Trainee: 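Please read through the structure below; I'll follow up with questions.
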Amino acid sequence: MKETLSPEERRQLQKKMMNTFKNETNTLSQELQRILADDLVTAFESRLTTLVRIQSEHGD
């Protein structure tokens, strides 16, 4: 797995997050929805990197 998403991959994942959580975030402005989506992508990337590292250390 590569360390980070490309800018295009990141934008696509942000759009998916915004669409997935559309009902939960519809009270927020578009700008705040974008900020939240970016935060979610960052957290997802970080967690995925950590889990892949842990898995590789355990040889699974």
Side-chain angles (χ1 to χ4, degrees):
M1 183 188 111
K2 60 184 179 175
E3 286 296 312
T4 59
L5 298 170
S6 72
E8 181 58 30
E9 291 170 325
R10 189 172 185 85
R11 277 190 296 277
Q12 289 175 358
L13 191 51
Q14 287 171 348
K15 286 181 184 180
K16 289 178 184 178
M17 293 281 191
M18 288 176 72
N19 189 48
T20 300
F21 295 111
K22 173 175 39 180
N23 293 334
E24 291 80 7
T25 62
N26 64 0
T27 58
L28 299 174
S29 69
Q30 282 294 110
E31 180 63 21
L32 289 177
Q33 288 179 33
R34 283 191 289 274
I35 290 168
L36 178 58
D38 184 60
D39 287 349
L40 290 170
V41 169
T42 299
F44 176 77
E45 247 187 317
S46 176
R47 180 61 56 97
L48 186 57
T49 299
T50 300
L51 292 173
V52 167
R53 182 178 44 81
I54 290 168
Q55 180 173 285
S56 69
E57 289 173 359
H58 287 86
D60 294 337

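Along the sequence shown, residues are numbered consecutively beginning with 1. Just so it is clear, the structure is predicted and the values come from calculations on it, not from any experiment.
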Trainee: Quick check on the hydrophobic clustering: are Val41 and Phe21 connected, directly or via other members, by side-chain heavy-atom contacts under 4.5 Å?
Mentor: yes
Trainee: Under the criterion side-chain contact (heavy atoms from CB on, under 4.5 Å), I'd like the reasoning laid out for Gln33 against Lys22: C-alpha separation, chi angles, the key distance, then a yes or no.
Mentor: CA-CA 9 Å; Gln33 288 179 33; Lys22 173 175 39 180; over 6 Å; no
Trainee: Test side-chain contact (heavy atoms from CB on, under 4.5 Å) on Leu36 and Leu32; report intermediate values, then the result.
Mentor: CA-CA 6 Å; Leu36 178 58; Leu32 289 177; over 6 Å; no
Trainee: Assess, by modelled atom type and distance only, whether the side chains of Thr42 and Arg10 contain a donor and an acceptor separated by less than 3.5 Å.
Mentor: yes
Trainee: Are the side chain of Gln14 and the backbone of Arg34 linked by a donor-acceptor contact shorter than 3.5 Å?
Mentor: no
Trainee: Working to the nearest 0.5 angstrom, can you tell me the gap between Phe44 CZ and Asp39 CG?
Mentor: 15.0 Å
Trainee: Quick one: does any side-chain atom of Thr25 pair with a main-chain N or O of Leu28 as donor and acceptor, under 3.5 Å?
Mentor: no
Trainee: Can you tell me how far CE of Met17 sits from CG of Leu13, rounded to the nearest 0.5 angstrom?
Mentor: 4.5 Å
Trainee: Can you measure from CZ (Arg53) to NE2 (His58) and round to the nearest 0.5 angstrom?
Mentor: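 Spacing of CZ (Arg53) from NE2 (His58) equals 10.5 Å.
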Trainee: Supply the atom-to-atom distance Glu45 CD to Thr4 OG1, rounded to the nearest 0.5 angstrom.
Mentor: 6.0 Å
